[in-house]
A.B. asks: 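Can you keep this structure in mind? I'll have questions shortly.
Basis for what follows: all heavy atoms, side chains included, without hydrogens, waters or symmetry-related copies. Here the structure is a predicted model, which means the values were calculated and not measured. So that the names make sense, note that chain A is the first sequence line, chain B the second, and so on, each numbered from 1.
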Amino acid sequence: MERKLFVYNSLSRTKEEFKPINEGKVGMYVCGPTVYSDVHLGNCLTFVRFDVIYRILLHLGYKVRYVRNITDVGHLLDDGEDRISKGARIDQLEPMEVVQKYANGFHDMMDIFNAKRPNIEPRATGHIIEQIEMVQQIIDNGYGYEVNGSVYFDTIKFAEETGQYGKLSGRVIDELQSETRDLKNQSEKKNPSDFAIWMNASPEHLMRWNSPWGEGFPGWHLECSAMSTKYLGKTFDIHGGGNDLKFPHHENEVAQNVGACGCAPANYWLHTNMLLMNGKKMSKSDGNTISPSELFSGDSPHVSKGFHPMVIRFFMLQSHYRSELNLTDEGILAAEKGYKRIMECLKAVDKLNGKSDVETALDQEINALLDQAVEDLLDDFNTPKALSRYFELCNKINGLKEGTLNLSEVSQSTIERLQKTFPEFIFEVLGLKDAAEEESGDVLDGVMQLVIDLRQGARDEKNWGVSDKIRDDLAALDIQIKDGKDGTEWGFKS
RNA sequence: GGUCGCGUGGCCGAGUGGCUUAGGCACUGGUCUGCAAAACCAGGUACAGCGGUUCGAAUCCGCUCGCGACCUCCA
């Protein structure tokens with residue numbers, strides 16, 4: 001932690017030095033999914049990106065409390081129907097069954113993408129009391145008003161007294177006032193920009209709780225305010241989410257926290273950018289969409305084949321979290337090659353031994369690249385740039401392996417640093433896994449070694465027919481034979 | 001319509017005032033190989049358009065075109 005970390009803060013719209021509230025500790029809250037249907041690939045991108053941010057913070061030595069909620073109530077559709085209720089109606093399930101089903105699916109997918117689990121994963125329905133208390137505080141502070149069993153947040157009064165509404169998202173309150181919407185209960189609000197923090201439940205509404213204002217349910221934005229406060233304190237370090245949540249969700253969250261306790265929830269707001277496909281927004285309505293499982297299986301007109309989840313993760317990490325990521329078949333194919341190159345190189349580096357006793361120019365180059373990769377991560381979590389350093393290191397490593405670079409010109413201490421840092425970066429910081437290793441195993445390794453030995457026997461006798469048959473038939477099984485000058489290696493084809 | 005952001009070579013994708021030839025993939029030539037593959041070496045193509053500021057801009061400003069996000073549920 002001797003070096004400084006810089007993060008882009010959406011609040012200030014600049015890169016700022018990151019200074020945690022408590023030395024050595026980080027409290028981070030990330031808005032999780034609403035579990036009403038199968039997880040969308042865009043969600044996966046967002047959570048993979050925050051997973052890497054989490055991993056980098058851990059790598060830097062911070063003790064991180066990572067909270068990511070699951071929204072299971074209060075998230076309404078245009079027609080006012082609760083998303084969970086709608087899911088329940090369509091699937092003929094209890095609302096909580098819907099929640100469990102899709103929460104399980106979400107967790108499975110996060111595991112597939114090798115995203116670490118958060119330390120706390122609170123659900124909105126498990127924190128009704130905390131939310132009711134917060135509504136009461138907001139009312140007590142004069143920023144909430146009750147109408148017909150619903151409670152609304154008075155944005156105009158809040159804006160006038162605190163001057164804070166719109167700060168995060170760059171909205172101007174006057175312009176929000178001129179918005180004309182045709183939402184349910186619109187007439188109950190004092191101002192068009194006001195939003196519900198507690199909603200009266202109509203008789204047919206399935207999810208309902210008792211409250212001082214009658215039976216109802218919490219507003220969507222409220223859960224994050226209440227739960228982040230409960231687990232991270234009134235003010236914590238990092239609040240993250242997709243940038244589509246900036247307004248109204250995060251803006252309203254800020255308003256609720258400030259309205260309830262007079263303090264801002266988070267010092268640093270981090271927003272990830274969206275996933276596109278073929279340059280366009282991923283959208284179900286025009287068919288421009290692909291699910292994670294379709295991407296893995298290749299069962300989609302948008303991809304030429306299936307891809308391993310780790311290839312997808314690698315693809316995601318080759319873009320910066322604040323940039324849009326454009327998913328194209330060609331792009332993932334390129335990522336797959338790059339991923340494989342890194343994985344192969346990771347194996348090659350273990351076999352190297354440096355022979356120089358003094359520090360050479362090559363030592364300096366390698367060490368500089370390793371240092372720069374860390375600098376890149378410290379500069380607003382620039383994973384694509386850091387990865388480019390490791391690609392350059394791959395060139396060095398392969399050069400040493402092939403003999404175009406001389407092992408006598410590199411010291412063993414540099415090689416050892418490489419051997420320690422490289423896998424640490426790939427596996428722990430970036431959270432990648434070796435796809436081939438999963439499929440492989442000791443038995444297969446042994447069998448392949450036998451096959452290679454037998455083939456070598458044929459090759460020694462210049463029996464190219466046998467040699468090539470072995471190679472070609474293995475290729476048909478997606479196993480690739482690689483004849484090098486130091487013997488033959490094998491691996492899975494991508 | 002309003003607010004904000006983006007537009008980099010064949011593709012993906014970093015970079016934000018003066019060599020970073022970023023990097024990956026693809027492509028071309030070469031080395032290696034029995035032939036391949038992999039790897040290695042070498043090579044080309046770029047900063048949407050127009051105008052301005054500046055000694056100097058892909059990088060700052062303006063306009064135009066294109067794309068995206070938000071404004072209404074979204075990661």
Side-chain angles (χ1 to χ4, degrees), chain A residues 13 30-34 36 39-50 71 75-83 86 166 169-172 175-176 178-179 181-183 193 220 240-249 251 271-276 279-283 314-315 318-320 322-342 344-345 348 372 376 379 382-392 394-395 397-405 459 462-464 467-468 471-472 475 480-485 488-491 493:
Chain A
R13 297 176 196 212
V30 173
C31 286
T34 303
Y36 64 100
V39 63
H40 180 79
L41 191 61
N43 293 56
C44 297
L45 172 65
T46 297
F47 299 129
V48 163
R49 283 171 162 177
F50 278 109
T71 297
H75 207 155
L76 303 186
L77 297 160
D78 281 351
D79 58 7
E81 185 171 12
D82 186 285
R83 289 194 162 218
K86 185 176 183 184
S169 59
R171 302 294 143 144
V172 178
E175 284 166 3
L176 291 171
S178 63
E179 302 284 340
R181 301 174 210 165
D182 192 21
L183 289 177
S193 56
W220 171 40
N243 75 0
D244 51 349
L245 293 181
K246 232 190 237 179
F247 190 89
H249 185 60
E251 193 65 61
H271 288 100
T272 57
N273 217 135
M274 300 289 103
L275 178 68
L276 308 179
K280 301 278 182 191
K281 180 189 176 185
M282 253 202 202
S283 154
F314 184 81
F315 174 69
Q318 273 195 297
S319 73
H320 186 84
R322 282 193 288 115
S323 294
E324 285 167 339
L325 175 59
N326 186 17
L327 184 92
T328 62
D329 187 53
E330 214 177 348
I332 311 175
L333 283 166
E336 185 175 54
K337 293 263 180 85
Y339 166 79
K340 206 183 160 199
R341 181 179 170 85
I342 292 272
E344 289 298 317
C345 195
Q372 281 162 354
D376 296 332
D379 182 16
N382 198 331
T383 55
K385 206 170 176 186
L387 262 174
S388 78
R389 312 291 188 188
Y390 277 93
F391 273 116
E392 291 193 54
C394 280
N395 290 332
I397 292 164
N398 284 328
L400 288 167
K401 184 186 167 194
E402 292 296 315
T404 51
L405 291 174
R459 286 165 61 76
K462 298 199 190 302
N463 189 342
W464 308 126
S467 171
D468 289 354
R471 184 178 70 196
D472 297 343
Q480 187 176 49
I481 290 292
K482 290 176 278 195
D483 296 323
K485 54 179 184 172
T488 300
E489 294 175 358
W490 71 279
K493 284 207 290 192

A.B. asks: Name all residues meeting the ring-ring contact (aromatic ring centres under 6.0 Å, His included) criterion together with H249(A); count only those two or more places apart in sequence or in a different chain, and write none if there are none.
C.D. replies: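 Partners of H249(A) under the ring-ring contact (aromatic ring centres under 6.0 Å, His included) test: W220(A), H221(A).
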A.B. asks: If I take atom CZ in residue F391(A) and atom C1' in nucleotide G13(B), what distance separates them, rounded to the nearest angstrom?
C.D. replies: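 It works out to 11 Å between those atoms.
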A.B. asks: Phosphate oxygens OP1/OP2 of C12(B): is one of them under 4.0 Å from a side-chain N or O of N326(A)?
C.D. replies: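 Yes.
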A.B. asks: Is K385(A) salt-bridged to D379(A), going by a charged N under 4.0 Å from an acidic O?
C.D. replies: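 Here K385(A) does not pair with D379(A) in a salt bridge, since their nearest N and O are not under 4.0 Å apart.
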A.B. asks: Could you check whether H271(A) gets within reach of a base, just the sugar-phosphate, or nothing at all, counting any heavy atom under 4.0 Å?
C.D. replies: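 Nothing, no heavy atom under 4.0 Å.
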A.B. asks: With C1' as the reference atom in both, quote the distance from U20(B) to G52(B) in angstrom, rounded to an integer.
C.D. replies: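 Those two atoms are separated by 27 Å.
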A.B. asks: What's R49(A) touching, base or sugar-phosphate or nothing? Going by heavy atoms closer than 4.0 Å.
C.D. replies: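 No contact.
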A.B. asks: Could you check which of A75(B), C40(B), G13(B) has an atom nearest any side-chain atom of L275(A)?
C.D. replies: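 Per side-chain heavy atoms of L275(A), the pick is A75(B).
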A.B. asks: Could you tell me whether the phosphate oxygens of C6(B), OP1 or OP2, come under 4.0 Å of any side-chain nitrogen or oxygen in S323(A)?
C.D. replies: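 It does not, given that no N or O in the side chain of S323(A) lies less than 4.0 Å from OP1 or OP2 of C6(B).
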A.B. asks: Taking NZ, NE, NH1 and NH2 as the nitrogens, is one of them in E344(A) or K482(A) under 4.0 Å from a carboxylate oxygen of the other?
C.D. replies: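 Salt bridge between E344(A) and K482(A), a charged N being under 4.0 Å from a carboxylate O: yes.
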A.B. asks: What nucleic acid atoms does E489(A) come within less than 4.0 Å of, heavy atoms only: base, sugar-phosphate, or nothing?
C.D. replies: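 E489(A): no heavy atom of the nucleic acid under 4.0 Å.
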A.B. asks: Sticking with atom C1', work out how far C40(B) lies from G49(B), rounded to a whole angstrom.
C.D. replies: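 42 Å, rounded to whole Å.
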A.B. asks: Rounded to the nearest angstrom, tell me the gap between atom CZ in R13(A) and atom P in U16(B).
C.D. replies: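 Going from CZ in R13(A) over to P in U16(B) covers 19 Å.
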A.B. asks: Can you check whether F47(A) stacks with the A75(B) base, using ring centres under 5.5 Å and planes within 30°?
C.D. replies: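 Aromatic stack with A75(B) absent for F47(A).
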A.B. asks: Within the 4.0 Å heavy-atom criterion, would you say S169(A) contacts the bases, only the backbone, or no part of the nucleic acid?
C.D. replies: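 Nothing: the residue S169(A), judged by heavy atoms under 4.0 Å, touches no strand.
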A.B. asks: C40(B) phosphate, OP1 or OP2: any side-chain N/O from R341(A) under 4.0 angstrom?
C.D. replies: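 Yes, R341(A) has a side-chain N/O under 4.0 Å of OP1/OP2 on C40(B).
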A.B. asks: Taking atom C1' in both U64(B) and C41(B), compute the distance separating them and give it to the nearest angstrom.
C.D. replies: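 Each nucleotide's C1' atom is 46 Å from the other's.
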A.B. asks: In whole Å, I'd like the distance from the CG atom of L333(A) to the P atom of C11(B).
C.D. replies: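 From L333(A) CG to C11(B) P: 15 Å.
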A.B. asks: To the nearest 0.5 angstrom, please state how far the CG atom of L387(A) sits from the OG atom of S319(A).
C.D. replies: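 With rounding to 0.5 Å, CG (L387(A)) is 10.5 Å from OG (S319(A)).
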A.B. asks: Measure from the side-chain heavy atoms of E330(A) and tell me the nearest of A75(B), C71(B), G10(B).
C.D. replies: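 Of A75(B), C71(B), G10(B), G10(B) is nearest to the side chain of E330(A).
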A.B. asks: NA contact type, K280(A), heavy-atom cut-off 4.0 Å: base, sugar-phosphate, or nothing?
C.D. replies: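 Counting heavy atoms under 4.0 Å across all strands, the contact made by K280(A) is with sugar-phosphate only.
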A.B. asks: Mind checking if N398(A) touches a base, just sugar-phosphate, or nothing, with heavy atoms under 4.0 Å?
C.D. replies: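 The answer is sugar-phosphate, as N398(A) gets under 4.0 Å only of primed atoms, P, OP1 or OP2.
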A.B. asks: Would you find a donor on one side and an acceptor on the other, under 3.5 Å apart, between the side chain of N326(A) and the backbone of G279(A)?
C.D. replies: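 Flag set: sc N326(A) to bb G279(A) pair under 3.5 Å.
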A.B. asks: For the residue pair P384(A) and Q318(A), what are the closest heavy atoms and their distance?
C.D. replies: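 Looking at all heavy atoms of both residues, the closest pair is CB-O, 3.3 Å.
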A.B. asks: Work out how far the C1' atom of G9(B) is from that of G30(B), and round it to whole angstrom.
C.D. replies: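 Comparing C1' positions in G9(B) and G30(B) gives a spacing of 24 Å.
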A.B. asks: What distance, rounded to whole Å, do you find between the two P atoms, one in G24(B) and one in A14(B)?
C.D. replies: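 The same atom, P, in both gives a distance of 15 Å.
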A.B. asks: State, with a plain yes or no, whether a side-chain heavy atom of V39(A) is found less than 4.5 Å away from one of F47(A).
C.D. replies: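 No - every pair of side-chain heavy atoms lies 4.5 Å or more apart.
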A.B. asks: Please check this pair: side chain of Q480(A) against backbone of G491(A), looking for a donor-acceptor N/O pair closer than 3.5 Å.
C.D. replies: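 Absent.
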A.B. asks: Please classify the nucleic acid contact of G42(A) as base, sugar-phosphate, or nothing, using heavy-atom distances under 4.0 Å.
C.D. replies: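 The answer is base, as G42(A) lies within the cut-off (heavy atoms under 4.0 Å) of a base atom.
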A.B. asks: Expressed as a whole number of angstroms, how long is the span from H40(A):NE2 to C73(B):C1'?
C.D. replies: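 The distance from NE2 of H40(A) to C1' of C73(B) comes to 13 Å, rounded to the nearest Å.
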A.B. asks: How long is the line joining CD of E392(A) and C1' of G15(B), in whole Å?
C.D. replies: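 Taking CD of E392(A) and C1' of G15(B), I get 13 Å after rounding.
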A.B. asks: In whole Å, measure the gap between the P atoms of G10(B) and C27(B) for me.
C.D. replies: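 So the two P atoms sit 15 Å from each other.
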A.B. asks: Side chain of S319(A) only, please: which of A75(B), G13(B), G34(B) is the nearest?
C.D. replies: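 Closest nucleotide among those given: G13(B).
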A.B. asks: NA contact type, R471(A), heavy-atom cut-off 4.0 Å: base, sugar-phosphate, or nothing?
C.D. replies: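 Here R471(A) touches the bases of the nucleic acid.
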A.B. asks: Looking only at atom C1', what distance separates U3(B) and G44(B), rounded to whole Å?
C.D. replies: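 So the two C1' atoms sit 43 Å from each other.
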A.B. asks: Pick the closest RNA chain B nucleotide for N273(A) and for D379(A) by heavy atoms, then say which residue is nearer the 5' end.
C.D. replies: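 Looking at RNA chain B, the more 5' nearest nucleotide goes with D379(A).
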A.B. asks: Of W464(A) and G338(A), whose closest RNA chain B nucleotide lies nearer the 5' terminus?
C.D. replies: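 With G338(A) and W464(A) compared, the 5'-side residue is G338(A).
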A.B. asks: Does OP1 or OP2 of G15(B) have a side-chain N or O of N382(A) closer than 4.0 Å?
C.D. replies: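 Yes.
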A.B. asks: In the structure I gave you, are the side-chain heavy atoms of T272(A) and L45(A) within less than 4.5 Å of one another anywhere?
C.D. replies: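 No, every pair of side-chain atoms sits at 4.5 Å or beyond.
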A.B. asks: If every non-hydrogen atom of I481(A) is compared with every non-hydrogen atom of W490(A), which pair is closest and at what distance?
C.D. replies: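 What the structure gives for the nearest pair is CD1-CB, 4.2 Å.
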A.B. asks: Using Watson-Crick pairs (N1 to N3, plus N6-O4 or O6-N4) and G-U wobble pairs, both distances under 3.5 Å, which stems of at least 3 pairs involve RNA chain B?
C.D. replies: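 Listed by first number, the stems are B:1-7 with B:65-71, B:10-12 with B:23-25, B:27-31 with B:39-43, B:48-52 with B:60-64.
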A.B. asks: Tell me whether the side-chain N/O atoms of N395(A) come closer than 4.0 Å to OP1 or OP2 in G23(B).
C.D. replies: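 Negative; the distance criterion is not met.
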A.B. asks: Using atom C1' of each nucleotide, how far apart are U8(B) and U59(B) to the nearest Å?
C.D. replies: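 So the two C1' atoms sit 11 Å from each other.
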A.B. asks: Given 3.5 Å as the limit, does a donor-acceptor pair link the side chain of S467(A) with the main chain of W464(A), or not?
C.D. replies: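 No, the answer is negative, given that no donor and acceptor are paired below the 3.5 Å cut-off.
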A.B. asks: Touch check for G279(A), heavy atoms < 4.0 angstrom, all strands: base, sugar-phosphate only, or nothing?
C.D. replies: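 Sugar-phosphate: the residue G279(A), judged by heavy atoms under 4.0 Å, touches backbone atoms but no base.
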A.B. asks: Would you mind telling me which of A38(B), A75(B), A14(B) lies closest to the side-chain atoms of K482(A)?
C.D. replies: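 Closest of the options to the side chain of K482(A): A38(B).
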A.B. asks: If I take atom CG in residue L325(A) and atom C1' in nucleotide A75(B), what distance separates them, rounded to the nearest angstrom?
C.D. replies: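 One finds 13 Å between C1' of A75(B) and CG of L325(A), rounded.
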A.B. asks: Considering only side-chain heavy atoms of S388(A), which listed nucleotide, A38(B), C35(B), G23(B), is closest?
C.D. replies: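 Among the listed nucleotides, the one closest to the side chain of S388(A) is G23(B).
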A.B. asks: Taking the side chain of D483(A) as its heavy atoms from C-beta onward, which of C12(B), A14(B), A36(B) lies nearest to it?
C.D. replies: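 Closest nucleotide to the D483(A) side chain: A36(B).
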A.B. asks: Just how far, in rounded Å, is P of A22(B) from CD of Q318(A)?
C.D. replies: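 After rounding, the gap between these two atoms is 17 Å.
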A.B. asks: Check the distance between A37(B)'s C1' and W490(A)'s CH2 and give it to me in whole angstrom.
C.D. replies: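 Value for this atom pair: 16 Å.
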A.B. asks: Students often get this wrong, so: under 4.0 angstrom with heavy atoms, is L387(A) touching a base, only sugar-phosphate, or nothing?
C.D. replies: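 Here L387(A) touches no strand at all.
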A.B. asks: Given the structure, check if the side chain of R389(A) and the base of G23(B) hold any donor-acceptor pair shorter than 3.5 Å.
C.D. replies: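 In this structure, the two groups form no donor-acceptor pair.
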